[in-house]
Every structure is written in structure tokens, then in C-alpha cells.
Visitor: 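One structure coming up, written as C-alpha cells, with questions to follow.
The sequence lines fix the lettering, A, B, ..., with proteins before strands; numbering per chain opens at 1. Values below: all heavy atoms of this structure, side chains included; hydrogens, waters and symmetry mates excluded.
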Amino acid sequence: MQQFPWSPAATKCSSTPIEPVSLFAEGADSIFADQRLCFMHKHQHHLPEVNIVILMFIPFEWLHSELSNICRSLLRVKQLHAFLLKTYLSEDPFYATKILRQYAVNSDINSAHHVFDKTSDRSVYLWNSMIRAFAQSQRFFSAISLFRTMLGADISPDGHTYACVIRACADNFDYGMLRRVHGGAVAAGLGLDPVCCSALVTAYSKLGLVHEARRVFNRITEPDIVLWNSLISGYGSSGLWDVGMQMFSAMKLVGKKPDGYTLAGLLVGIVDSGVLSIGQGLHTNSVFSPELRLRVQSSNDHSKMSSTFTYLIRIRVFCSILNPDLVTWSALIMGYSQAGVFEKVLYLFRKLNMEDRKADTVLVASVLASIARTANVGLGCEVHGYALRHGLELDVRSGMLFLIILEAFKVFEKMLEKGLVPDEATFSSLLSACCHGGLVKDGREIFRRMEEEFNIRPRAEHYVYMVKLLGSSGELEEAYSLIRSLPEPVDKAILGALLSCCNSRGNSELAETVAQQLFANNPADNVYRIMLSNIYAGDGRWDDVKMLRDKITGRMRKMPGLSWIESS
DNA sequence: TCGACTTAGT
């Protein structure tokens, strides 16, 4: 960092501490045109004996915003760290915490730990950030052991400390540890701490123990918004979105204003439950009437429920929230998209745009993929146009497959007309198109013709398409019998496709059969470990879950959600 | 004096 000569402004004011801003105002900008302006610490006791020493030509505002924004690269964090080390600020636990967290964000846990070690004056924030860094990088035992060290240190853990550890327990599916830490929090007098309790509610929900979550919630006399949201999300992800709706009403009754988290929690539950994919029929305005809710709860015949119902819920909920974030928008848009209410999808897309928010690639891709199921080219083009205008086209090509759905069969017919002979690849494309469009009947027909009419033996990829196509439309048994007609060992991609369908359709019995088979033949494959552990979790077999999880390394240690546990 | 607890999707 280049040192600048003393500025006239600085010498003039040298007898009294000055704010960087006033220094700037006094015409220093010409001198510091290139290098912002000099700063000094606001606290008198930090100042050296000389009245003013210019340490660096960087303003606090800049430094703070640099430290608070997430640094995109490790190099940048290292530069900032090196900069701080040249100043007395590196001793300050506040700045040490900021740097530590930036290292953690960039997955450099060793450097984060180094910062922690080198900081002698450790605030609760510093401890918590280090514990969180360990937990988020899946170093569960380091997190717990640091937590234990903290218990013996001369600083007391607070609600956030316990929240970090509790979350780590849930992420690690360690129910026993969760109970112990919960007990510890109560013993430490944090049993009613709002932050700690929010984490507990989320953790218990994540383990499929939403009733336990509710018990934690019930002990709090005046739950804050985060606690409400945690519980509502817990119900949503546990398949009990209707209870979530009741909590939502209760929440408004006591005057708590819902926010984006509330809505996302509700919507996720509704979307997950598949209620939205149900057709038309019932028309009513009394969205929250007990009568209607009863009807919905007691009805197993989902076809009686209508998109009107969920549409009204959504709009109501949405309007009651002032400033929905992208997660909320996306949850809503995805809900409409999956429900097939595409005019709403486009309406919200435009609205999102007008509010100066930008849909990200995942949202656009998801919407396109789900429009693909309707094979509506016009809509697809409109959304695709949106993607192009926003420079998202590179990421959404998978969503554009719907065009090939429609075109594939036309091309195929033309091929035959011209006397061309289709080959294996031709049928791959056709079956792929059927998969994307959910065209079960066409798929079956093409698969049959392929062998009978054109004398082509299906390869593994053709079976994968068929299994996906059948499985995702609920024809699990048919998919399984197709597989059983094959000689052993069955290609793992085929079995994997069926397993994935079993999981998403909630058929745990068949899923376990398939998973065991896969697991036996492919012991090194993490994907099947995760799917299998998901099944074990559903049966509360936490020891089995942990055993599998311990063998998984890297990014895949993050487990999928367990939303079906409570409902199954 | 400042930070932190809760949410989705190909």
C-alpha cells in the first residue's frame, strides 16, 4: 500500500481527532484522487502519542463494506487480511471475526482457524464464528470439541453458540448429541432464548420430529418472527402444510407480521405436498374458513381440491408480505408453474422484473422445465426470450428441451416417410423427449416399436428413459418389472433411476429393495448411500444414517431433505 | 459500536 504525504487538511486539524468524512470535505480529494482518503480510528485510546499518524489511505466505510460483503475469491480475503495485519486493527476481535468468516465462506478453514488462534482477545462472536465455520464445513467433531473448549474457557456461550452447535447436530443427524446440547442450553439458562429455540425448532423438524419442535415452541410465551417461521417451515417440510397454515393464522392473530421466510415455509410445504398439481373444481373465496379446511383435511380425494383454493391462499399470503425476497418469489412462481397455472407464472415473471429483481438461472430453468411438461411452445418461447434478454441463456438450455419434445416426433415421421431407417440414437432422442414431456403412452409405444418393428435391442440408456418415464408418472411396479426382465447385474443407472423415482413418490418399501441391490453392487457410490440413508432416516434408524454418512466425503455429505418422513 | 438464529428450485 502506497504511503501519501501529509495532506494540508490533516495538518490543519491535527490537534483534534477528525472524522474521515470531514477530512474528505476539506478538499483532500485532489490529493487522494486515486487512493480514497486516509482514516484514523475513532477511539482516542487507540491513537498513538503523536496527534495524528496516517496509517493507511483507506476509509473506514470502504473497509467495512469490503469486510461485510462476501468476498468472491480467497485471494481477495488474503489481501484484506494482509492489509489488516499492517494496522492495529488486527488485534480487534471484531475485525478478526470478519476476516475469519470471509475465510470460512471461501472454504479455507485452516486460515480461519489460524486467525482464531492468533487472536488473543476472543469475543463470543469470534468463538461462534469459528464453531460455525467448522460446522458448515462438515467438521462436526472439530465444532463440538471447540464448543467444549469454550465451555471451559472464561467466556460464556450465548444463544448463538448453542444455535450453531444445535444446527450442526441436525446436519449430522446426531439425535443423541442434539438432546445433550439441548439439555446443556437449558442448564445454561438459555432454554427460552429465542435464537437458541429457533435453532432447536429447525433441528427437530429436520430430524422428522416436528412434535418435539412444537414442544420447544410452546414454551415460549412471546415467540418472535424467526421462531414462528422456523415452526411454519418445520411443518411445511414435514408434509404438514395445513398445520403450518393454522400457525400462520395464529401468528397473524397475535399481531405478528409475516415476512418472506413465512411465505417460503408455507409454500414449500404446499408445493411439496403436490396439492398444487391438482385440477380445477371447487370455487370459494373463504380461504381460511374452518369448514373448508376441514374439507381439505378430511378429503383423500385430492381431485376435489382446486387450484382456486391454493391460488387464493397464495395471493393472500403473498399480499400480506411487504418485501418478498427472491426465495419467496421463486417458491410462488414454482408453485404456479407446477400447478400448470402458466399465465400466473408469466405474470409474476414480469412483475418480478418490474420490481427490479432478477430471476436467477435456476428459477428460469425450473420454470422452463415445468412448462416443458405442457409442451406449450409459445409459453416456452416467451420465458426463453426473458432468459435471453437477461443473459441467462447459457444455463437454461436443459429447459429448452421441450422444443425437441414437440419436434422429435415430427422428425421421426418424416424420417420414416423418406424411407430412412431409425437407429438406437433415434430412439434415445424419442424416449428422452417422452421423458421430458411426461408422455407415458407415447413412450411405451415407441419402446415397443423399437424392438418389434425395427428390431433394435434396447440399451441401458433406453431402459433408463423408460424407468424414469414410468416411475415419475407413478407406474413404479411396471418400471420394476421391466427391470426384473433384465439379466443380472442390472446397470446401476437403471436401478438408480428407479430408486430416485421411489424416493420422490414416497414408496419406501420398493426404494429399500432397490437401494440394497444398488448398494451391494456399487459400494463406493455416494449417491446411493445418500438415497439409502434417506430411507433409514425415514424409519428413524439414525445409527444407520450416521454409519452411511461417515463414509461420504466432500460436498455430498450434505444430506437431502427428509420432507416425507412425517407424512409417511 | 459493529456482527449472528429461520426459507426454494434444474
Visitor: When the distance from NE2 of A:H160 to P of B:dT6 is rounded to whole Å, what number comes out?
Guide: 10 Å
Visitor: From the options B:dT6, B:dC5, B:dA8, select the nucleotide whose nearest atom is closest to the side chain of A:L326.
Guide: B:dA8
Visitor: Report the distance from atom OH of A:Y261 to atom C1' of B:dT6, rounded to the nearest whole Å.
Guide: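 Roughly 6 Å, once rounded to whole Å.
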Visitor: Grab the CD1-C1' distance between A:I232 and B:dC5 for me, whole Å please.
Guide: 16 Å
Visitor: So, A:F94 and B:dC2: ring centres less than 5.5 Å apart, planes less than 30° off, yes or no?
Guide: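 Answer is yes, a stack.
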Visitor: Would you confirm whether the ring centroid of A:Y204 sits within less than 6.0 angstrom of the ring centroid of A:H182?
Guide: yes
Visitor: Would you please classify the geometry between the A:W127 ring and the A:F116 ring as parallel, tilted or perpendicular, with 30° and 60° separating the classes?
Guide: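 Because their plane-to-plane angle is over 60°, the rings of A:F116 and A:W127 count as perpendicular.
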Visitor: Looking only at the side chain of A:S330 (C-beta and beyond, no hydrogens), which of the listed nucleotides B:dT6, B:dA4, B:dG9 gets closest?
Guide: B:dG9
Visitor: What integer distance in Å separates A:I220:CD1 from B:dT6:C1'?
Guide: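 Result: 14 Å.
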Visitor: Over all strands shown, is A:T97 touching base, sugar-phosphate only, or nothing at heavy-atom distances under 4.0 angstrom?
Guide: base
Visitor: Hydrogens and angles aside, do A:H114 and A:Y103 bring a side-chain donor and acceptor to less than 3.5 Å of each other?
Guide: no
Visitor: Just to be sure I understand the rule, does A:P93 reach a base, reach only the sugar-phosphate, or reach nothing, if contact means heavy atoms closer than 4.0 Å?
Guide: base
Visitor: Looking for any heavy atom pair under 4.0 Å, which part of the strands does A:S198 touch: base, sugar-phosphate only, or nothing?
Guide: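 Base contact - A:S198 has a heavy atom under 4.0 Å of at least one base atom.
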Visitor: Do A:N128 and A:R132 get their side chains close enough for a donor-acceptor pair, meaning under 3.5 Å?
Guide: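 No donor-acceptor contact under 3.5 Å links the two side chains.
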Visitor: Ring centres of A:H113 and A:F134 under 6.0 Å apart?
Guide: yes
Visitor: Could you tell me the separation between the OH atom of A:Y95 and the P atom of B:dT1, rounded to a whole number of Å?
Guide: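 That distance rounds to 14 Å.
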Visitor: Do the side chain of A:N128 and the base of B:dG3 come within less than 3.5 angstrom through a donor-acceptor pair of N or O atoms?
Guide: no
Visitor: Taking atom P of B:dT6 as reference, at what distance in whole Å does atom OH of A:Y204 sit?
Guide: 16 Å
Visitor: How many whole angstroms separate atom CZ of A:R122 from atom P of B:dA4?
Guide: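 Result: 21 Å.
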Visitor: Can you tell me which nucleotide in B:dG9, B:dA4, B:dG3 comes closest to the side chain of A:L363?
Guide: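 Looking only at heavy atoms from C-beta outward on A:L363, the closest nucleotide is B:dG9.
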Visitor: Can you find a side chain N or O atom of A:R167 that sits less than 4.0 Å from OP1 or OP2 on B:dT6?
Guide: yes
Visitor: Tell me which nucleotide among B:dG9, B:dA4, B:dT6 gets nearest to the side chain of A:D360.
Guide: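 Output: B:dG9.
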Visitor: Check every atom of B:dC5, B:dG3, B:dA4 against the side chain of A:D158 and return the nucleotide holding the closest atom.
Guide: B:dA4
Visitor: In whole Å, what is the span from the CG atom of A:L227 to the P atom of B:dA4?
Guide: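 One finds 19 Å between P of B:dA4 and CG of A:L227, rounded.
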